Amino acid sequence: MTAEFAVNIGKAIGTFFGAGAVALARDTRISGPMLTRAVASGLMAAGCEVVDLGIAPTPAAQYYVAKLGSLSGAIVVTASHNPREFNGIKAIDAKGMELRAEEEEAIESIYFESRFRAAEWSDVGSIRTDGTAIDRYLAGILDQVDADAIRRRRFTVVADPGNGAGCLTTPYLLTALGCRVVTLNGQADGAFPGRMPEPVPENLAALQRVTVEGGADFGVAHDGDADRAIFVDEKGGYIYGDRSFALLAIEELRARAGTVVTPVSTSRLLDDVVRTAGGNVIRTKVGAPIVARVMFETGAIFGGEENGGVIFPAHQFCRDGGMAVARMLECLARQEKPLSACIAALPTYSLRKSNVAVPAERREAVLDALVRLVAGRRVETIDGVKIHEDDGSVLVRPSGTEPVFRIYAEATTPERAEALAQEGVALVEKALRRR
Ligand code: MG
């Protein structure tokens with residue numbers, strides 16, 4: 001990630017947007033100031049007016065674009081949940097949504113073919129700062145929940161933004177909702193001295209401990225750009241994202257029946273709870289931008305992924321860590337029982353994961369062979385191949401980032417999940433042997 005690269009990506013995105021105003025935000029990474037200024041130069045060279053929002057969670061930048069309604073889009077310089085040496089440049093469209101794959105490919109071809117728009121001397125873009133994105137975002141979230149009901153409960157919450165962009169939002173959101181707040185890794189710091197940005201169990205031991213020691217109602221952790229929220233219950237138990245997603249889905253469906261959208265890889269737990277609550281589930285290919293698009297097109301009431309990224313369309317069409325925290329508080333405010341008991345009441349499935357190496361050039365052929373091998377069984381081919389059995393399922397799909405096929409098996413018992421995972425592995429190996 002060099003300055004030269006960022007200038008040209010800025011030029012490519014500016015060319016794609018075709019002038020107009022573009023918001024620019026970043027997470028807390030060390031290379032953020034260097035890269036955002038380079039991206040801003042590229043955007044101005046292509047004739048765009050840059051509105052610098054400074055450090056802000058990705059959903060805060062998306063909310064700014066969605067609510068202002070007058071921008072061509074936004075760029076967020078963030079590597080999300082990835083380790084501290086990474087960074088990334090993400091484009092957001094005029095509705096505040098992540099781009100479609102074909103739009104990203106259009107930007108890539110502008111970049112690789114150097115088809116940059118070069119503004120005339122008199123049309124070179126300008127730059128100004130707007131420090132209101134955070135306040136607008138927090139006000140938007142407060143509008144979505146029953147703040148008085150939450151305040152009456154005087155919850156204690158441990159917030160672990162992991163030194164990322166969520167440092168600027170979640171502790172203040174919790175305070176505004178009358179919570180007693182304990183922060184952990186609460187200073188914006190791109191060296192990520194407290195923990196690595198991904199809210200996975202191995203990074204959250206301190207949050208689990210402090211939540212118990214502080215007598216908190218729950219703990220919450222974000223990734224580097226705070227579009228994901230992972231919860232820890234009052235006993236220090238790590239709550240996997242599919243379980244908090246299911247609990248929040250029940251909360252959304254309590255108000256009104258409707259559609260919940262999630263990728264084919266999410267646990268069948270979601271089907272169970274949504275069906276019980278009178279809603280229906282639409283499955284999509286893996287990827288939050290796809291989930292958000294399908295939600296937009298179908299008028300869904302809720303959606304998300306199993307990694308803590310959930311989407312509340314009444315607020316906006318993107319994963320939103322801050323909104324997830326507010327809704328979890330609202331959910332608990334309505335309950336007589338603690339978070340651990342709410343989670344324990346959900347159905348439980350055993351999960352097994354595995355990988356099989358498949359050379360990139362054989363990816364499509366192996367996938368075709370897999371489809372033929374499972375002919376006649378109950379299968380879904382939305383993304384890879386998912387085989388359904390009465391007591392479980394196994395999904396086999398090529399990874400988007402590595403030359404492997406990933407196998408996700410899920411069943412009512414650990415033994416059955418293991419058997420289904422092994423069947424998935426065997427199927428890929430058999431497909432690999434076919435020429
Ligand atoms: Mg993220």
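From a predicted model like this one, the values you see are computed outputs, not experimental measurements. Whatever order the structure lists them in is the order used to number ligands and atoms, beginning at 1.
Under the side-chain hydrogen bond (donor to acceptor under 3.5 Å, both in side chains) criterion, N280 pairs with T259, sequence neighbours left out.
In this structure a side-chain-to-backbone donor-acceptor pair under 3.5 Å is present from E305 to A288. At least one donor-acceptor pair closer than 3.5 Å links the side chain of R243 to the backbone N or O of P347. Between the N8 side chain and the F5 main chain, no donor and acceptor come within less than 3.5 Å of each other.
Counting only protein N, O or S atoms closer than 2.8 Å to the Mg ion (ligand 1) gives 4.
With F116 as the aromatic partner, K11 meets the cation-pi criteria of under 6.0 angstrom to the ring centre and within 45 degrees of the ring axis.
Minimum heavy-atom separation, I55 to L168: O-CD2, 3.5 Å.
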